[in-house]
Amino acid sequence: MQPSTCRKRTRGEETPSIGTGDVNVGSTSTMDAPISRRCCGAQARLGPVEGRKNDHGWMRKVHGTPLRFVRSRKRATGGNDHGRVGRGLENEPWTELVEGKVLDGPDLSVQVDGLQLPNPFVIASGPPGTNYKVMKKAFDEGWGAVIAKTVSLEADKVHNVTPRYARMKTSDNKILGWENIELISDRPLQDMLDEFKRLKEEYPNRVLIASIMEEYNQNAWEELIGRCEETGVDGFEINFSCPHGMPERKMGMAMGQDCELLHEVCGWITNASSIPVWAKMTPNVTDITFPAREALKQGCHGVSAINTIASVMGINLDTLRPEPTVEGYSTPGGYSSTAVKPIALAKVMSIAQMIRSEFDGEKSLSGIGGINTGGDAAEFILCGANTVQVCTGVMVHGYPMVKTLAAGLQNFMAKHEFTNIEDFRGASLPYFTTHTELVRLQHEAIAAKKAKRIGVDSDAGWSGDGFVQESESMVSNR
């Protein structure tokens, strides 16, 4: 697929509702690898998502009525379904969720920082949490928790542009990477607060987390925290990590990269908040454990990692303009989707090891980055994550993907006879070490193999002191 043409529009020409630049690469992706077991369940059938110019416009179009799926390897279809459920996940298992809970099999529920989640799958802050309609959809489909799109006191200072996404695809047209230049919520704060309150009234037993961001201003942080808590939200995620937009206001990544600044602001936040606080970390630092440590030392209950990676998706070789292109220009954005998973796993592993060694494992960790399947989620949990968050995956596959995440994770757990998440959380951490230690271990293994060797290799191998034992070792009818 050729990159979309990049040109400056003439006066009066309509701006596309949603546009992306597509960049192809020659490798193939493994995100659609099939899993053999398929679970019984029900799945809502969704049509296409309409584009929108601001956060008011996100709405999922539903065509037809839900169908019952009864132990078949084929996806339920029929009626007037014009869309696809879980694009790219058609061969994945899926299971029914009732208020986010699995009906049988291994237990997926988690308790983290006093919050009870029916499963570890969390909607990450971003487009999937922009307004009441989409957050309600997430709860209805069974997500364990929802983190709303980041809010601030002065939404009038937030101006999003369109198009704001660009994708990298494999040669077989699968999405490998996704760049966005989207800012935090452009909706009036009071609108978002009213919807938080409405959601908590309608879903009192589900977990709703407010993502918040402010300037270097203690009064502003305290006001924002107080107003959000009045709505009944269950926790906060502090956005110290958005890689684009408003760095001149010391917001997002600009704050998360400055450990002294982050230390001070986390103190303001934890002193003002009466509910759990997670600090969302930027990967755009030399050592992610440094800012994570400062946040936890200042009383944050946990950290989330990673946010998107600073990136330029590519250059259109026909127009010589960068993607995504807005009126012929662009700006570096945040990179996400399948391609970032190895980087995210390394960052999560480092934070988890630090939490174990310096905080006695008493702090929580929410893993983010390239999660598309239950197997992906299992890898993050094995690296120490309590929960896992998904944003780009929902934009690609739709909200019902939580059913495939749940089934895939249950398959993994059943294979290893794990009955709950804690049975294997962090189980892979002891197997990470230094390269120096790997060399030592390999030398010891080689030496041990040589010690077990029977007989001698050649005449030069005979020794004087061990001659009798060496002779005996080569006798076949002892």
Side-chain angles (χ1 to χ4, degrees), residues 25-31 33 168 176-177 240-241 243 253 256-259 262 279-297 302-311 334-373 375-389 412 416 418 422-453 457:
V25 295
S27 61
T28 57
S29 168
T30 59
M31 71 187 222
M168 181 173 287
L176 181 66
F240 289 129
S241 48
M253 183 177 73
Q257 290 176 325
D258 186 328
C259 284
L262 183 143
K280 191 170 186 178
M281 298 288 101
T282 174
N284 303 301
V285 291
T286 303
D287 186 340
I288 199 169
T289 63
F290 279 67
R293 180 181 295 107
E294 292 304 316
L296 297 176
K297 283 167 59 177
V303 293
S304 306
I306 57 172
N307 205 329
T308 53
I309 301 168
S311 65
Y335 192 54
S336 61
S337 196
T338 306
V340 310
K341 192 183 83 170
I343 299 169
L345 284 171
K347 303 292 187 182
V348 165
M349 177 273 294
S350 295
I351 295 172
Q353 288 183 327
M354 181 268 291
I355 289 175
R356 285 195 170 192
S357 64
E358 300 180 29
F359 296 92
D360 297 323
E362 296 300 317
K363 299 290 187 175
S364 68
L365 175 57
S366 190
I368 317 166
I371 296 168
N372 292 285
T373 68
D376 294 334
E379 291 182 65
F380 278 87
I381 297 169
L382 285 165
C383 285
N386 300 80
T387 60
V388 293
Q389 298 184 28
F412 161 79
H416 294 279
F418 297 133
E422 286 300 313
D423 280 352
F424 67 98
R425 189 173 69 82
S428 296
L429 290 176
Y431 302 102
F432 289 100
T433 186
T434 65
H435 194 275
T436 299
E437 180 67 4
L438 292 180
V439 172
R440 185 189 68 79
L441 290 170
Q442 191 158 72
H443 284 168
E444 287 184 354
I446 292 171
K449 288 178 182 178
K450 287 182 178 180
K452 292 180 179 179
R453 187 174 57 199
D457 291 334

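In this text, all values refer to a predicted model and were calculated from it rather than measured experimentally.
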Show your reasoning for whether side-chain contact (heavy atoms from CB on, under 4.5 Å) applies to Met349 and Leu429. CA-CA 7 Å; Met349 177 273 294; Leu429 290 176; 3.8 Å; yes
Taking side chain as C-beta onward, heavy atoms only, is Ile371 less than 4.5 Å from Phe380? yes
Closest heavy-atom contact between Ala305 and Ile288? CB-CD1, 4.2 Å
How far apart are the closest heavy atoms of Thr308 and Gly334, and which atoms are they? OG1-CA, 3.3 Å
Find the distance between OG1 (Thr289) and CE (Met281) and round it off to the nearest 0.5 Å. 11.0 Å
Once salt bridge (charged side-chain N to carboxylate O under 4.0 Å, His left out) is applied, what residue pairs with a partner in residues 378-388 remain, sequence neighbours excluded? Lys341-Glu379
Parallel, tilted or perpendicular: which describes the rings of Phe412 and Phe424, with under 30° parallel and over 60° perpendicular? perpendicular
Starting at OG of Ser350, measure out to CG of Asp287 and round the result to the nearest 0.5 Å. 6.5 Å
Side chains of Asp376 and Thr373: closer than 4.5 Å at any heavy-atom pair? yes
Beyond-backbone contact of Lys363 with Ile351, side-chain heavy atoms, under 4.5 angstrom: no
Can you pull out every salt bridge (charged side-chain N to carboxylate O under 4.0 Å, His left out) where at least one residue sits in residues 427-447? Sequence neighbours excluded, please. Glu437-Arg440, Arg440-Glu444
Shortest non-hydrogen separation from Val303 to Ala295 and the atoms involved: CG1-CB, 4.5 Å
Restricting to non-hydrogen atoms, name the atom on Gly369 and the atom on Ala344 that form the minimum distance, rounded to 0.1 Å. CA-CB, 3.9 Å
Atom pairs and distances, side-chain donor-acceptor, residues 354-362, under 3.5 Å, sequence neighbours left out:
unit_1: Ser357; atom_1: OG; unit_2: Gln353; atom_2: O; d: 3.1
unit_1: Ser357; atom_1: OG; unit_2: Met354; atom_2: O; d: 3.3
unit_1: Glu358; atom_1: OE1; unit_2: Arg293; atom_2: NE; d: 2.7
unit_1: Glu358; atom_1: OE2; unit_2: Arg293; atom_2: NE; d: 3.3
unit_1: Glu358; atom_1: OE2; unit_2: Arg293; atom_2: NH2; d: 2.9

Is a side-chain N or O of Asn307 found less than 3.5 angstrom from the main chain of Thr282, in a donor-acceptor match? no
Starting at OG1 of Thr338, measure out to CE of Met168 and round the result to the nearest 0.5 Å. 12.0 Å
Got a second to check how far Ile343's CD1 is from Ile306's CD1, nearest 0.5 Å? 6.5 Å
Shortest non-hydrogen separation from Val340 to Gly370 and the atoms involved: CG2-N, 3.8 Å
Tell me yes or no: between the side chains of Ser366 and Thr387, is some donor less than 3.5 Å from an acceptor? yes
Between Tyr335 and Ser311, what is the shortest heavy-atom contact and its length? CB-OG, 3.3 Å
With no hydrogens and no angle check, is any side-chain donor or acceptor of Asn386 less than 3.5 Å from a backbone partner on Ser364? no
